[in-house]
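In this text the structure is predicted, and so the values were computed from the model without any measurement.
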Amino acid sequence: MKNIVIIGCGKGIGLATAKILAEQHKIIGISRTENPELNHPNIEFHAVDILSGNLDEITFPEVVDGLVYAPGSINLKPFNRLSVDDFKNDFEINVLGAVKIIQKLLPNLKKSESAAIVLFSSVAAKLGMPFHASIAASKNAVEGLTKSLAAEFSAQKIRVNAIAPSLTDTNLASQLLATPEKREASAKRHPLQRVGTAEEIAEMTAFLVSDKSSWITGQVFGIDGGMGSVKL
């Protein structure tokens with residue numbers, strides 16, 4: 001049984017990942033809000049804001065085998081309506097929160113025989129998409145961080161990978177999928193003609209923290225219904 005820390009486990013992809021991994025592993029879940037679906041004997045939950053909270057108040061296992069950083073943002077505006085604070089806020093939640101928890105847990109990860117870190121980018125980091133300037137900037141930073149840390153941590157056998165989803169049916173995307181018309185329009189933008197589910201992304205996350213992916217590091221996986229690679 002591995003010890004896996006999941007940041008942002010209260011909703012969406014983080015929640016789906018916690019539910020899958022808790023069947024076989026010990027989960028230390030951190031999120032701003034608790035979810036009744038986290039009521040599982042293998043899940044230890046802490047209500048902490050990763051950006052403002054004090055991580056020293058949490059007693060982490062001496063050995064941490066997996067770290068999943070799932071918080072994110074969808075801040076879509078025309079560039080001239082994006083403030084500097086918009087860019088700062090997106091960068092903090094997508095990048096600096098990940099930096100904070102990785103630095104905190106690096107000694108614990110080094111003690112594992114097969115540690116893995118999974119971060120989250122976006123298809124918007126690969127494609128030029130209107131109104132995505134702030135989120136694309138921060139998610140490209142995530143991809144750079146992924147590859148840099150994969151190189152730096154390879155000597156300690158710590159793998160670092162990222163997943164770049166397209167629009168996924170979660171609370172975060174609820175406004176973009178609020179009506180049948182919006183949902184249909186979003187689906188048609190993808191070669192596979194639908195939006196993704198949190199469970200589909202979670203299955204990939206579970207694979208990347210498992211020993212089945214033990215020879216994979218420094219990669220960014222597009223789980224995006226073909227949007228990042230296929231043009232119809």
Side-chain angles (χ1 to χ4, degrees), residues 1-9 12-30 42-44 50 55 58 60-72 93-123 125-126 138-166 168 196 198-224 228-229:
M1 179 177 285
K2 293 176 179 285
N3 294 318
I4 300 173
V5 176
I6 301 178
I7 312 299
C9 64
I13 294 168
L15 174 61
T17 301
K19 290 165 66 176
I20 290 172
L21 291 175
E23 296 305 312
Q24 294 183 312
H25 304 292
K26 170 69 175 180
I27 306 301
I28 299 88
I30 298 173
N42 287 343
I43 298 178
E44 173 189 319
I50 188 62
L55 296 178
I58 302 173
F60 291 99
E62 182 178 356
V63 177
V64 172
D65 303 291
L67 171 60
V68 177
Y69 185 81
I93 191 168
N94 288 287
V95 185
L96 297 185
V99 169
K100 180 179 179 180
I101 190 64
I102 293 170
Q103 288 185 332
K104 172 69 176 177
L105 294 182
L106 186 55
N108 311 65
L109 289 161
K110 287 180 177 179
K111 293 178 182 178
S112 173
E113 295 181 357
S114 58
I117 298 171
V118 180
L119 306 178
F120 284 88
S121 179
S122 164
V123 69
K126 181 176 183 179
S138 62
K139 291 302 191 181
N140 269 289
V142 169
E143 295 193 6
L145 182 67
T146 297
K147 294 179 181 181
S148 181
L149 294 185
E152 186 170 337
F153 296 168
S154 61
Q156 286 82 42
K157 304 296 189 292
I158 300 172
R159 299 181 297 105
V160 187
N161 294 290
I163 297 173
S166 183
T168 306
E199 290 72 23
E200 288 170 320
I201 311 301
E203 289 287 358
M204 185 62 173
T205 308
F207 170 71
L208 288 174
V209 298
S210 77
D211 292 337
K212 294 178 181 179
S213 61
S214 61
W215 212 42
I216 300 174
T217 195
Q219 304 301 310
V220 178
F221 293 92
I223 313 298
D224 57 16
S229 303

*Asks:* Hey, are the side chains of Ile117 and Phe153 touching, using non-hydrogen atoms and a 4.5 Å cut-off?
*Replies:* yes
*Asks:* Enumerate the salt bridge (Lys or Arg N to Asp or Glu O under 4.0 Å) contacts for residues 203-217, please, sequence neighbours excluded, ordered by first and then second residue.
*Replies:* Lys2-Asp211
*Asks:* I need the full list of salt bridge (Lys or Arg N to Asp or Glu O under 4.0 Å) pairs touching residues 93-116, with sequence neighbours left out, sorted by first then second residue.
*Replies:* Asp56-Lys104, Glu62-Lys111
*Asks:* Under 3.5 Å, is there a donor-acceptor pair between the side chain of Ser148 and the main chain of Leu145?
*Replies:* no
*Asks:* Under a 3.5 Å distance rule, please check whether Lys139 uses its side chain to pair with a backbone N or O of Phe120 as donor and acceptor.
*Replies:* yes
*Asks:* If you round to the nearest 0.5 Å, how far is CG of Leu109 from CG of Leu105?
*Replies:* 6.0 Å
*Asks:* Looking only at heavy atoms, what is the nearest atom pair of Ala116 and Leu208, with distance?
*Replies:* CB-O, 3.5 Å
*Asks:* Measuring from Asn94:CG to Ser122:OG, what's the distance to the nearest 0.5 Å?
*Replies:* 9.0 Å
*Asks:* Determine yes or no for a side-chain-to-main-chain donor-acceptor pair under 3.5 angstrom, with Asn140 supplying the side chain and Ala125 the backbone.
*Replies:* yes
*Asks:* When you look at CD of Gln156, are more than 12 heavy atoms from neighbouring residues, nucleotides or ligands closer to it than 6.0 Å?
*Replies:* yes
*Asks:* More than 12 foreign heavy atoms under 6.0 Å from NZ of Lys26: is that the case here?
*Replies:* yes
*Asks:* Between atom CG of Leu15 and atom CD of Glu199, what is the distance when rounded to the nearest 0.5 Å?
*Replies:* 8.5 Å
*Asks:* Find the distance between NZ (Lys157) and OG (Ser214) and round it off to the nearest 0.5 Å.
*Replies:* 12.0 Å
*Asks:* Between Ala98 and Leu119, what is the shortest heavy-atom contact and its length?
*Replies:* CB-CD2, 4.1 Å
*Asks:* Out of curiosity, Ile163 CD1 to Ile223 CD1, how far, rounded to the nearest 0.5 Å?
*Replies:* 6.0 Å
*Asks:* Is there a donor-acceptor pair closer than 3.5 Å between any side-chain N or O of Arg159 and the backbone N or O of Ile216?
*Replies:* yes
*Asks:* Closest heavy-atom contact between Asp65 and Ser112?
*Replies:* OD1-OG, 2.7 Å
*Asks:* Quick one, Val142 and Tyr69 - any side-chain contact, counting heavy atoms below 4.5 Å?
*Replies:* no
*Asks:* What is the minimum heavy-atom distance between Ala70 and Gly14, and which atoms define it?
*Replies:* CB-CA, 3.8 Å
*Asks:* I want to check something: taking the side chain as every heavy atom from C-beta on, are Val220 and Lys147 in contact at a cut-off of under 4.5 Å?
*Replies:* yes
*Asks:* Tell me yes or no: between the side chains of Ser166 and Asp224, is some donor less than 3.5 Å from an acceptor?
*Replies:* no
*Asks:* Counting distance only, does the side-chain N/O of Thr205 pair as donor-acceptor with the main-chain N or O of Ile201 below 3.5 Å?
*Replies:* yes
*Asks:* Is any side-chain heavy atom of Ile7 closer than 4.5 Å to one of Leu67?
*Replies:* yes
*Asks:* So how far is it from Ile6 CD1 to Lys19 NZ, rounded to the nearest 0.5 Å?
*Replies:* 12.0 Å
*Asks:* Less than 4.5 Å apart, any side-chain heavy atom of Val209 and any of Thr17?
*Replies:* no
*Asks:* Taking all atoms of both residues into account, what is the closest heavy-atom pair of Ala162 and Thr146, and its distance?
*Replies:* CB-OG1, 3.5 Å
*Asks:* Taking Ala198's backbone N and O only, do any of them form a donor-acceptor pair with Glu200's side chain (distance below 3.5 Å, no angle check)?
*Replies:* no
*Asks:* With distance as the sole test, does Asn108 use its side chain to make a donor-acceptor pair with the main-chain N or O of Phe60 at under 3.5 Å?
*Replies:* no
*Asks:* Indicate the atoms forming the closest heavy-atom contact of Glu143 with Ser121, along with that distance.
*Replies:* OE2-OG, 2.7 Å
*Asks:* Can you find a pair of side-chain heavy atoms, one from Leu55 and one from Ile50, that are under 4.5 Å apart?
*Replies:* yes
*Asks:* Between Ile20, Ile4, Ile43, Asn42, which is the residue that forms a side chain to side chain contact (heavy atoms under 4.5 Å, CB included) with His25?
*Replies:* Ile4
